[in-house]
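Here is the structure we will look at, set down as structure tokens.
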2 protein chains.
Amino acid sequence: MIRARRIADVAAVAGVSPTTVSHALSGKRAVSEATRERIMRAIEELDYRPNLVASGLRKQRTHTIALLVADIANPYYPAVARGVHDVVNADGYVILIGNTDGDGDAERSLAREMLARGVDGLIIQPMSSKPAELRSIVGPSFPLVVVSEVDQTMYADAVGTDDAVGIGAAVRHLAEAGIRDVGFISGPELQAPGPGPVRLAAFQAASSALGLPVRDDWIVHTTFTRDGGFSAGAALLALDERPRALLCANDLIAIGVLDAARAARLRVPEDLAVVGFDDIETADLVSPRLTTVMNPAADLGAACARALLRRIELGPDAPYERTTLHTRLVLRASA
Amino acid sequence: MIRARRIADVAAVAGVSPTTVSHALSGKRAVSEATRERIMRAIEELDYRPNLVASGLRKQRTHTIALLVADIANPYYPAVARGVHDVVNADGYVILIGNTDGDGDAERSLAREMLARGVDGLIIQPMSSKPAELRSIVGPSFPLVVVSEVDQTMYADAVGTDDAVGIGAAVRHLAEAGIRDVGFISGPELQAPGPGPVRLAAFQAASSALGLPVRDDWIVHTTFTRDGGFSAGAALLALDERPRALLCANDLIAIGVLDAARAARLRVPEDLAVVGFDDIETADLVSPRLTTVMNPAADLGAACARALLRRIELGPDAPYERTTLHTRLVLRASA
DNA sequence: GCTCCCTTGCAAATCGATTTGCAGTAACCG
DNA sequence: CGGTTACTGCAAATCGATTTGCAAGGGAGC
């Protein structure tokens, strides 16, 4: 087995010390043009690639960042991941990815797992952990970006979307169509500020602002999946008094509701209006095409990545910042 | 700033040497029950977590693997990634992910980038690089799993799907419905054995096996996207003699073809039958529901992960193995 | 010609965990 | 009671790159 090349091998071939090779590569100290030339030729010849594990140990910088999402197989997150990837890759970083399934223990243990591997920063959309907990896990000066609808700049840099704006537009749109009996299907019922509760609160706020009643029995929690939407939707549609419209905390739930409506032989939007959230690609492909709130996933990922790189560069003393991206209602056929 | 705890801190608190702490943790050498107890208490008290960068440097094992896909935002790959994730996570591994966009240079440079970070293995679905090239990059004894429709056990462990079986079933299905004029929309035209060319070849083989003509002007290449499918489909449908059915190298292309058919005011499947490949979730949601070849993405990811872990455990001397997963035709409404 | 500075290079310490060689103690046997 | 074995523990070397302290050599200035 051929051993990987070390910096010492390069130094030997070039006839200099490892120090000089390192300086030639990093530019931390001047190296004569002739020497640098010899070193570069040696590197070429040996196909030398610096060992980033050793370098990471010494420099305490691995050029690796961690991205923790609920479920990469959920259609919303890949776009986020891609946004992150493209921004950080351009700066020579690679991504360690983890799926938490929205579980608080998994979030915390994966965060620790990543930290132990010396990542330079962490991007996470916490579903069950509080930002303060995460901050205490990673330590006070570690680059941490949380995705959150509410301001978290007490604890970390934050990136989020103005979900309330999109939800408000959706409620207003329904009200203008004369629809007052609106239900809401949220995500799992959790303590921490995940997207479900935030969107639910926005729905309640928008409704009362318009003087619309909010019925507790028309507010249900389920998983962020098509199946979850189907069963929650079926339950609501089986009520004696059923809502005339359903707002859903994400598109998968909304698509499940479309299934449920079809199963209940209800016409959409005539009998039941359905509004989703996220505007995943599929939203434009289902029948009827889904009216939904557009959530800029790739932009969000890119913004997170930029916030993280900025923090890595600036160090821990600069004040935390929050970036807010905009949502908007996309009118299609389902409402 | 609070420094992270080192093994020396634990040793000091427990009143032993770092050696003993390491042995207590790894079990490589016996440690008396009393000592182990003290060490564990010290670890608890200090919230010590071993630095995996240092450990990785010494042991040459980072418990990190790399996964290189064409585009994580493409709906097929997240399922693969999830399958890989769940299998390796259970063994304490985390995943470094990279998007190659099917570009050969990106594949090779990302592979090197990952190697420099000391990953214990690499899973890749090469779109433009030959397995032999990849093997030469990673070195002869490095754990490498390639996803490929054709056997690659000359160079690496391989996992693939029997795409020809699914494509054959699709062609036969069309033939049985009396459809002989079939076109094929493949992926980008590349030298290496990506999924596009393989599926195209399977189509040609299946057609001639059934004595069906294959017209070159009904075979086109495009990107693996909905837009690609739309423009390629529109071009084919604008021909004077247009095909009666279109097989597509993936579902996104097929969905784009459905768009094109709608734009050309053709009925599907009456005027044009459309068959996709992959069976992504969206395939069941479009209108008409897409007939497609099911490609077991999560299973594929899991199989890759198992193959890689097996290779890591067995070492380089065991012969390369190939795992083949099965595709099958899913009949829905579009063909 | 002498001093001072600048350039360039090297030896050695460092990052944090692992592992090998060596040794001290206790227990056990005949 | 001498000798062997088993059990524990430590000091030091190691993984590979980076960085600091030191110094040699050459050139410039007076």
query = So Arg117(B) and Thr64(A), side chain to side chain donor-acceptor pair (under 3.5 Å) or not? Walk me through it.
reply = CA-CA 9 Å; Arg117(B) 282 173 177 78; Thr64(A) 303; 3.2 Å; yes
task = Could you list all the ring pair (Phe, Tyr, Trp, His ring centres under 6.0 Å) pairs where at least one residue sits in residues 60-96 of chain B, not counting sequence neighbours?
result =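 Listed by first then second residue: His63(B)-Tyr93(B).
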remark   = With Asn99(B) as partner, the option from Val69(B), Leu110(B), Asn74(B) fulfilling side-chain contact (heavy atoms from CB on, under 4.5 Å) is Val69(B)
Starting at [atom1] of [X] and ending at [atom2] of [N], how long is that distance when rounded to a whole Å?
X         : N       : atom1 : atom2 : value
Asn51(B)  : dG16(C) : CG    : C1'   : 6 Å
Leu57(B)  : dC15(C) : CG    : C1'   : 9 Å
His63(B)  : dA17(C) : NE2   : P     : 15 Å
Leu115(A) : dG16(C) : CG    : C1'   : 16 Å
Ile39(A)  : dG9(C)  : CD1   : C1'   : 10 Å
Arg117(B) : dA17(D) : CZ    : P     : 15 Å
Leu52(B)  : dC15(D) : CG    : C1'   : 15 Å
Arg36(B)  : dC7(D)  : CZ    : P     : 15 Å

message = As an exercise, state the distance from CD1 of Ile65(A) to CD1 of Ile123(A), rounded to the nearest 0.5 Å.
response = 4.0 Å
inquiry  = Under 4.0 Å, counting only non-hydrogen atoms across every strand here, what does Val53(B) touch: a base, just sugar-phosphate, or nothing?
reply    = nothing
query = If you look at every strand shown and take non-hydrogen atoms under 4.0 Å, does Val21(A) touch a base, only sugar-phosphate, or nothing?
reply = nothing
Nucleotide N/O to protein N/O under 3.5 Å, stretch nucleotides 18-21 of chain C:
residue : atom : partner  : partner atom : Å
dT18(C) : OP2  : Ser22(B) : OG           : 3.3
dT18(C) : O2   : Arg58(B) : NH1          : 2.7
dT19(C) : O4   : Thr19(B) : OG1          : 3.3
dG21(C) : O6   : Arg29(B) : NH2          : 2.5

key: Steps toward salt bridge (Lys or Arg N to Asp or Glu O under 4.0 Å) verdict (Arg5(B), Asp47(B))   = CA-CA 8 Å; Arg5(B) 303 307 184 171; Asp47(B) 189 28; over 6 Å; no
note = Closest heavy-atom pair, Leu325(B) versus Ala303(B), reported as atoms and distance to 0.1 Å, is CD1-CB, 4.3 Å
key: Considering all heavy atoms, the nearest Pro18(B)-Ala11(B) contact   = N-CB, 3.5 Å
Mind listing the N/O atom pairs, protein and nucleotides 4-6 of chain D, below 3.5 Å?
none

request  = Using modelled atom types only, decide if a donor and an acceptor are shared between the side chain of Arg108(B) and the backbone of Asp103(B) within a distance under 3.5 Å.
outcome  =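 It does not hold such a pair.
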task = Mark yes or no for whether Arg38(A), through its side chain, and Ala14(A), through its backbone, hold a donor-acceptor pair below 3.5 Å.
result =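 Pair found, side chain donor or acceptor close to backbone of Ala14(A).
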